[in-house]
Amino acid sequence: MTVRVPAKVNLQLSVGPLRDDGFHDLVNVFHAVSLFDEVTASESDRVEVVCDHADVPLGDDNLAARAAHALAPGRGVRLEISKNIPVAGGMAGGSADAAAALVACNALWNLGRTPGELMEIGGTLGSDVPFALLGGTAVGTGRGEHLTPVDTSGTFHWVFALADGGLSTPQVYGECDRIREATGEAAVWPSLSEPLAKALADGNAPALGGALVNDLQPAAIMLRRSLHRTLEEGRELGALGALVSGSGPTCAFLAADETHAREIAVALTGCREAVIAHGPVPGAVIV
Ligand code: C5P
């Protein structure tokens with residue numbers, strides 16, 4: 001049973017105040033893009049994970065393994081993860097693998113859980129897991145797990161500048177809090193950006209480029225100074241918009257069309273690798 005699952009980029013990541021449970025309330029516009037992981041589930045007497053990428057933990061803290069445990073405690077499965085989404089890159093690769101494992105195990109074990117039930121279990125595993133099941137473009141509230149689809153037209157073309165090494169999500173949120181405390185900048189209760197929603201509904205890439213926002217970007221740049229230069233480079237190459245993806249360190253650039261995306265990707269120098277992708281695409285599906 002093989003499931004294909006997309007990466008995400010956040011078109012708006014507005015971070016509200018720190019909550020008592022250690023999470024932040026968000027308004028988070030997720031957009032699924034055509035960088036895919038694949039997870040293959042097969043019968044086994046215990047939960048075991050294998051992966052073609054050395055940086056992915058294989059023990060019980062692997063999110064795909066945790067997904068299998070959460071779906072049917074005590075059941076075994078072999079999960080083979082084929083990674084294409086950058087690891088710890090701010091594109092929800094770990095959450096994507098958990099979402100794929102939920103769909104694959106539900107089918108392999110004939111459990112008959114509904115998409116809504118899988119989303120509920122997914123939300124307990126990580127804030128980004130429900131969106132990896134849903135795909136498309138959606139606004140997430142709460143810690144990001146309460147989702148409402150967002151109306152979009154057409155296809156948007158992206159370039160992703162992949163960095164060496166990852167960034168820790170909790171560390172980036174912590175740095176965001178630290179910067180706010182140091183500057184006296186109060187966290188505001190976020191709401192969905194109207195210019196962003198309109199640009200998406202109109203399929204207007206230049207307007208979307210101007211409306212992209214990520215409150216975690218200053219924190220990610222503080223922890224990885226080179227991201228500032230990478231974003232500048234993309235803008236100089238004519239990107240319609242440039243931002244850090246989620247908690248980083250991947251940088252996302254919006255292009256006018258696929259040809260423009262290829263041009264930017266070929267010209268970018270200040271990153272390990274640049275890849276192109278388009279969105280929106282569907283969430284986790286059996287292939
Ligand atoms: O839910 P997830 O496992 O992706 O969260 C990882 C970490 O990111 C959390 O432990 C928390 O530090 C931070 N986070 C947050 N507010 C959110 C989502 C994540 O502070 N809404």
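Numbering of ligands and ligand atoms starts at 1, following listing order.
The distance between the ring centers of F156 and H278 does not fall below 6.0 angstrom.
For the residue pair D37 / N84, no side-chain donor-acceptor distance below 3.5 Å is found, with atom types taken as modelled.
In terms of protein heavy-atom proximity, atom 11 (C) of ligand 1 is closest to G22 O, 4.1 Å. Looking from atom 3 (O) of ligand 1 to the surrounding protein, the closest heavy atom is G126 CA, 4.1 Å. What sits closest to atom 5 (O) of ligand 1 on the protein, heavy atoms only, is F23 CE2, 3.8 Å.
Taking a 6.0 Å sphere around NE2 of H228, one finds it holds 12 or fewer heavy atoms contributed by other residues, nucleotides or ligands.
Ligand 1 lies out of reach of G144, whose nearest heavy atom is not under 4.0 Å from it. At a 4.0 Å cut-off, at least one heavy atom of L26 sits close enough to ligand 1 to count as contact.
Close approach to P170 involves these atoms of ligand 1, each under 4.0 Å from a residue heavy atom: 7 (C), 12 (O). Near T169, meaning under 4.0 Å from one of its heavy atoms, ligand 1 places the atoms 8 (O). Near S127, with a cut-off below 4.0 Å to any heavy atom, the atoms of ligand 1 are 1 (O), 2 (P), 4 (O), 18 (C). Those atoms of ligand 1 that come under 4.0 Å of a heavy atom in H24, given as number and element, are 15 (C), 16 (N), 17 (C), 20 (O), 21 (N).
D60 is linked by a salt bridge (charged side-chain N to carboxylate O under 4.0 Å, His left out) to nothing, counting only residues two or more places apart in sequence or in another chain.
Using a distance-only test at 3.5 Å, with no hydrogens or angles considered, no donor-acceptor pair links the side chain of H24 to the main chain of L26. Remark: the backbone N or O of G166 is paired with a side-chain donor or acceptor of R224 at under 3.5 angstrom. With hydrogens and angles disregarded, a donor-acceptor distance shorter than 3.5 Å links the side chain of T250 to the backbone of G89.
Inclusion of D128 in the set of residues having an N or O under 3.5 Å from an N or O of ligand 1 is not warranted.
With a heavy-atom cut-off of 4.0 Å, Y173 touches ligand 1 through its side chain alone.
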